[in-house]
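To start, the structure under review is shown below, and the notes come after it.
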Amino acid sequence: MNHVEPSITTGRRRAELAGAGIAGLAAAIALAERGWSVRVHERSSALRAEGAGIYLWENGLRVLEALGTLETALHGCHPGWRRETRDDRNRVVATAQWSEERGRRVVSVVRQRLLGALADRARALGVEIVLGSEAIAARADGTLVLQGSDPVQADLVVAADGVNSKVRDSLALLATRRPLADGAIRVMIPRLPEERASEEGRKYVEYWSGHRRVLYTPCSDEDVYLALTTLDTDVRGKAVPLDVGAWCESFPHLRPLIHRIGGGARWDRFETIRLQRWSAGRVAIVGDAAHAMAPNLGQGGGCALMNGLALAVALEGAASVEDGLADWERTERPLTEHTQRVSALYSRVTTMPPLLRAAVLAWAGRSKWVTGQRMRTALHVPTGAKA
Ligand code: FAD
């Protein structure tokens with residue numbers, strides 16, 4: 001483990017953060033840009049992004065722009081233009097279309113690239129990222145307790161240590177933690193030249209069969225991200241390494257694709273986390289630690305980015321850290337909770353019989369109201385971002 005030096009008094013406001021994921025790095029950059037002296041404690045010995053690929057919608061892209069890292073993060077990404085949802089007989093039941101115009105964009109990115117871009121930007125702004133430094137608790141007075149080192153004191157502590165946040169739990173802030181019925185295996189496979197060249201290979205496609213779903217997502221010229229979702233009770237379906245036979249039985253038409261899946265897959269059950277409050281004294285909780293959600297809207301990371309930036313903005317003019325954090329929660333929490341609700345509703349379609357699901361998905365694809373609910377987060381102009 002790296003030794004953590006006691007903080008040096010610089011006259012600048014000091015923030016100690018736990019977790020160098022999307023939320024922690026976004027908050028770190030936004031704070032550093034506003035003059036804070038920032039240190040991020042990351043438990044792992046390297047900055048590793050779990051989960052292969054990620055969708056970023058307009059809201060997330062605006063945050064990356066505000067953080068000064070849009071171009072680097074999106075270098076080599078795949079711009080989304082069309083998504084198809086196909087039923088159990090491989091018939092298209094719903095489509096969505098996007099453009100590369102500002103306001104309607106969605107892209108898919110290799111997670112490691114996104115994380116690397118955020119970390120580079122943070123370091124360029126003077127943020128110290130301490131690897132192998134695990135946070136185990138915090139106190140409302142601004143103390144962060146670290147495994148194997150002396151506690152550190154700051155004007156602000158940010159817990160961005162993910163869904164199993166130790167810092168959050170040390171403050172007893174959890175209101176509910178609800179596992180959903182489904183989860184996903186995520187994996188990256190190399191993209192073939194014919195996929196790069198064909199229209200088919202440039203689409204996002206969601207294939208359904210029974211309770212199982214394969215989401216095909218080109219992420220870069222070299223990479224295709226696959227998310228295979230199913231019920232948590234589906235023992236063969238959720239097995240890792242992947243039970244290739246089980247998935248080929250459900251998707252005979254995708255047999256060549258499924259056979260391309262190698263190692264490195266992981267299973268994650270979806271869950272929704274709700275806190276009593278997003279802060280305690282000088283400690284803020286952000287990202288999955290505060291508001292994990294089902295990934296059906298592809299907005300968990302988007303909300304982590306938005307709330308990380310908004311946190312720093314809220315503290316800019318606040319009379320005290322405590323006041324700023326209360327304002328931050330009041331402003332940002334409603335949209336995050338809307339996103340959690342809509343995303344969890346989409347998890348329900350996994351449990352539906354195929355014919356009903358196809359009808360519901362077709363109706364949802366046509367309904368302006370449903371589309372409005374689903375797209376509200378993507379079309380929101382985040383606090384601190386340009387319209
Ligand atoms: P994390 O990414 O979990 O990062 C937490 C960091 O803290 C890690 O680096 C970890 O090592 C570190 N850490 C943990 N404990 C400690 C500790 N005690 N001390 C110090 N460091 C610690 N979102 C999207 O926007 N688009 C998508 O397309 C999308 N797809 C998804 C697909 C699936 C299947 C799933 C499960 C999620 C998906 N999400 C998506 C959600 C997104 O991945 C998360 O919302 C996002 O990663 C949350 O970021 P975070 O920084 O809060 O947490």
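Note that these values count all heavy atoms, side chains included, but never hydrogens, waters or copies made by symmetry. Just so you know, ligand 1 is whichever comes first in the structure, and atom 1 is the first atom listed for that ligand.
Looking only at protein heavy atoms, the nearest one to atom 36 (C) of ligand 1 is Arg186 NH2, 3.5 Å. Ranking the protein heavy atoms by distance from atom 1 (P) of ligand 1 puts Gly162 CA, 4.4 Å first. Of the protein's non-hydrogen atoms, Ala135 N, 2.9 Å is the one closest to atom 19 (N) of ligand 1. In terms of protein heavy-atom proximity, atom 5 (C) of ligand 1 is nearest to Ala160 O, 3.5 Å. Ranking the protein heavy atoms by distance from atom 31 (C) of ligand 1 puts Pro295 CB, 3.4 Å first. Taking atom 25 (O) of ligand 1 as the reference point, the nearest protein heavy-atom neighbour is Gly301 N, 2.8 Å. Protein heavy atom in closest approach to atom 10 (C) of ligand 1: Glu42 OE2, 3.6 Å.
Residue contacts with ligand 1 for His41 involve N, CA, C or O but no side-chain atom from C-beta outward (heavy atoms, distance under 4.0 Å).
Salt-bridge formation is not detected for the pair Arg196/Asp221: no Lys NZ or Arg NE/NH1/NH2 atom is positioned less than 4.0 Å from an Asp or Glu carboxylate oxygen. At a threshold of 4.0 Å, the pair Asp161-Arg43 does not count as salt-bridged, since none of the basic side-chain nitrogens sits closer than that to a carboxylate oxygen.
Around atom 30 (N) of ligand 1, the closest heavy atom drawn from Glu134, Arg111, Gln299, Gln147 belongs to Arg111.
Those atoms of ligand 1 that come under 4.0 Å of a heavy atom in Gly21, given as number and element, are 4 (O), 6 (C), 9 (O), 51 (O). Of all atoms in ligand 1, listed by their number and element, those nearer than 4.0 Å to a heavy atom of Ala184 are 34 (C). Set against the non-hydrogen atoms of Ser133, the atoms of ligand 1 under 4.0 Å away are 20 (C). Residue contact check: Tyr55 has heavy atoms under 4.0 Å from atoms 24 (C), 25 (O), 26 (N), 27 (C), 28 (O) of ligand 1. Each of the following atoms of ligand 1 lies closer than 4.0 Å to a heavy atom of Gly287: 52 (O).
Contact check for Tyr216 versus Glu195: side-chain heavy atoms found under the 4.5 Å cut-off.
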